[in-house]
Visitor: 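Below is one structure. I have some questions about it.
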2 protein chains.
Amino acid sequence: MSKPELGDPGPVEVFAALGDPTRLSLLTKLSDGQTRSIATLSTDTKLTRQAVTKHLHVLERAGLVASVRVGRESQFGYRPEPVAEARSYLDRVSAQWDEALTRLKALVER
Amino acid sequence: MSKPELGDPGPVEVFAALGDPTRLSLLTKLSDGQTRSIATLSTDTKLTRQAVTKHLHVLERAGLVASVRVGRESQFGYRPEPVAEARSYLDRVSAQWDEALTRLKALVER
DNA sequence: ATAAAAGGCAACCTTTCGGTTGCCTTTTTC
DNA sequence: GAAAAAGGCAACCGAAAGGTTGCCTTTTAT
């Protein structure tokens with residue numbers, strides 16, 4: 001059945017989550033498949049640990065990362081699904097555009 | 001030389017621009033290749049013409065649309081380049097992820 | 001057993017966003 | 001040559017975003 005099930009919202013939320021430099025770099029860092037703690041992700045960031053935490057939660061609400069508390073630290077990991085969704089959304093947009101181009105071409109060459 | 005040339009900023013700006021429902025729907029509407037006036041785009045939107053105008057300018061700053069003033073109205077049209085950029089950005093992200101998976105698999109199956 | 005490391009929580013602040021209203025200019029249309 | 005249509009400009013407003021600081025809890029290391 002696959003309920004909407006909270007954890008991968010629509011493309012809008014995903015794009016919004018990607019639309020911030022800090023978040024985008026956190027995500028690309030995590031997309032290497034390794035899992036990282038907040039402290040780790042906070043080094044080389046100029047920002048406070050708290051700020052990073054907030055960004056991570058935004059990413060999490062958008063379904064782009066998931067976290068597990070292990071011992072005293074919580075490990076964050078990349079989740080590929082929403083990116084795939086976003087990608088196919090953009091695919092559809094540019095597909096529509098390509099169609100339009102094709103139609104125009106056909107019209108002109110007639 | 002290809003100066004940065006204002007008009008297609010990085011992926012962050014593009015994602016930010018896409019991360020709003022109104023903007024996303026304006027863009028998909030325009031991605032059919034047809035050019036539309038602000039008034040036209042404002043119908044069936046509940047929002048004020050001004051609000052729509054602002055959104056269009058955001059899209060324009062992100063390079064996703066371009067406008068030309070023709071007579072008394074300004075026509076907005078879709079610009080495909082930034083979408084392609086964004087798409088390839090996401091491609092790289094998921095490519096990195098896939099690589100990681102592959103490496104992990106190799107390691108495990110050894 | 002204490003100290004240090006990692007985090008959660010919450011208050012607070014400033015800037016940006018999304019949106020509205022009012023008014024003025026320019027182009028059309030009749 | 002008015003009246004209407006399409007927009008631009010600017011002020012203003014409330015809510016959300018991005019960030020900080022302070023303090024308390026839990027886990028780990030010594």
Side-chain angles (χ1 to χ4, degrees), chain A residues 6 9-30 34-78 82 86, chain B residues 6-7 9-30 34-78 82:
Chain A
L6 211 77
V12 182
E13 288 83 349
V14 175
F15 288 135
L18 298 176
D20 172 278
T22 308
R23 246 129 53 193
L24 197 52
S25 87
L26 284 172
L27 190 73
T28 47
K29 196 161 297 184
L30 286 176
Q34 278 191 348
T35 227
R36 287 171 182 82
S37 74
I38 297 184
T40 302
L41 289 167
S42 296
T43 56
D44 59 62
T45 300
K46 278 163 257 160
L47 296 181
T48 316
R49 174 181 55 91
Q50 294 303 339
V52 174
T53 302
K54 284 196 186 177
H55 283 300
L56 286 171
H57 286 149
V58 173
L59 289 172
E60 192 166 32
R61 267 180 267 127
L64 289 160
V65 302
S67 66
V68 207
R69 187 92 195 240
V70 41
R72 91 175 125 175
E73 54 193 25
S74 44
Q75 293 286 335
F76 281 79
Y78 176 75
Chain B
L6 212 78
V12 182
E13 289 81 349
V14 175
F15 287 134
L18 297 176
D20 172 279
T22 309
R23 246 126 57 190
L24 198 51
S25 87
L26 284 172
L27 190 73
T28 48
K29 197 161 296 182
L30 286 176
Q34 279 190 350
T35 228
R36 289 172 181 82
S37 74
I38 297 184
T40 301
L41 290 167
S42 297
T43 56
D44 58 62
T45 301
K46 280 162 254 158
L47 297 181
T48 317
R49 174 181 56 90
Q50 296 302 341
V52 174
T53 303
K54 284 196 185 177
H55 283 300
L56 286 171
H57 286 150
V58 173
L59 289 172
E60 192 167 32
R61 267 179 267 129
L64 289 160
V65 301
S67 66
V68 207
R69 187 94 195 238
V70 41
R72 94 177 121 175
E73 58 194 359
S74 44
Q75 292 287 335
F76 280 80
Y78 176 74

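Chain letters run A, B, ... following the sequence lines, proteins first and then strands; every chain starts at 1. A quick note: this is a predicted structure, and the numbers were derived from the prediction, not measured.
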Visitor: Can you sort out which residues in residues 13-27 of chain B have a heavy atom within less than 4.0 Å of DNA chain D? Ascending by number, please.
Guide: none

Visitor: Suppose the criterion is side chain to side chain donor-acceptor pair (under 3.5 Å): which pairs have a residue in residues 46-55 of chain B, not counting sequence neighbours?
Guide: R23(B)-H55(B)

Visitor: Apply side-chain hydrogen bond (donor to acceptor under 3.5 Å, both in side chains) to Q75(A) and list each qualifying residue two or more places apart in sequence or on a separate chain.
Guide: E73(A)

Visitor: Which residue lies toward the 5' end of DNA chain C, F76(A) or K54(A), if each is placed at its nearest nucleotide?
Guide: F76(A)

Visitor: Could I get the full list of side-chain contact (heavy atoms from CB on, under 4.5 Å) partners for A86(A), not counting sequence neighbours?
Guide: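 Scan of A86(A) (side-chain contact (heavy atoms from CB on, under 4.5 Å), adjacent residues dropped) gives V14(A), F15(A), L90(B).
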
Visitor: Rounded to the nearest 0.5 Å, what separation is found between the CG atom of L30(B) and the CG atom of L56(B)?
Guide: 7.0 Å

Visitor: For the helix from dA1(C)-dT30(D) to dC30(C)-dG1(D), measure the angle between the helix axis at one end and the axis at the other, each built from five pairs, rounding to 10°.
Guide: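 Both end axes considered, the difference amounts to 30°.
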
Visitor: Heavy atom of residues 67-74 of chain B under 4.0 Å from DNA chain C: which residues?
Guide: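 Correct list: G71(B), R72(B).
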
Visitor: For R61(B) and L59(B), indicate whether the former's side chain and the latter's backbone hold a donor-acceptor pair under 3.5 Å.
Guide: no

Visitor: Could you report the tightest heavy-atom contact between P9(B) and A62(B), atom names first, then the distance?
Guide: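 Heavy-atom minimum between the residues: CD-O, 3.5 Å.
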
Visitor: R69(B) side chain to S67(B) main-chain N or O, any donor-acceptor pair under 3.5 Å?
Guide: no

Visitor: Just to verify, what does F76(B) make a ring pair (Phe, Tyr, Trp, His ring centres under 6.0 Å) with, not counting sequence neighbours?
Guide: none

Visitor: I'd like the 5' and 3' limits of the part of DNA chain C contacted by chain A, with heavy-atom contacts below 4.0 Å.
Guide: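 Nucleotide range with atoms under 4.0 Å of chain A: dA5(C) to dC9(C).
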
Visitor: Side-chain contact test, heavy atoms from C-beta onward, threshold under 4.5 Å: evaluate it for L18(B) versus L64(B) and give yes or no.
Guide: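 They are in contact (side-chain heavy atoms under 4.5 Å apart), so the answer is yes.
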
Visitor: If every non-hydrogen atom of A17(A) is compared with every non-hydrogen atom of V58(A), which pair is closest and at what distance?
Guide: CB-CG1, 4.3 Å

Visitor: Taking side-chain hydrogen bond (donor to acceptor under 3.5 Å, both in side chains) as the test, write out the residues that go with E13(A), two or more places apart.
Guide: none

Visitor: Residues from residues 38-51 of chain A sitting under 4.0 Å of DNA chain C, heavy atoms only?
Guide: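 Heavy-atom cutoff 4.0 Å gives I38(A), A39(A), R49(A), Q50(A).
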
Visitor: If you define the side chain from C-beta out and look only at heavy atoms, does anything of V68(A) sit under 4.5 Å from V70(A)?
Guide: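 Of all side-chain heavy-atom pairs linking V70(A) with V68(A), none is under 4.5 Å.
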
Visitor: To the nearest 0.5 angstrom, please state how far the CD atom of E60(B) sits from the OG atom of S74(B).
Guide: 8.5 Å

Visitor: Run the side-chain donor-acceptor check on residues 38-45 of chain B: report pairs under 3.5 Å with partners two or more places apart or on a different chain.
Guide:
unit_1: T40(B); atom_1: OG1; unit_2: S37(B); atom_2: OG; d: 2.8
unit_1: S42(B); atom_1: OG; unit_2: I38(B); atom_2: O; d: 2.8
unit_1: T43(B); atom_1: OG1; unit_2: T40(B); atom_2: O; d: 2.7
unit_1: D44(B); atom_1: OD1; unit_2: K29(B); atom_2: NZ; d: 3.2
unit_1: T45(B); atom_1: OG1; unit_2: L41(B); atom_2: O; d: 3.1
unit_1: T45(B); atom_1: OG1; unit_2: S42(B); atom_2: O; d: 3.4
unit_1: T45(B); atom_1: OG1; unit_2: T43(B); atom_2: O; d: 3.1

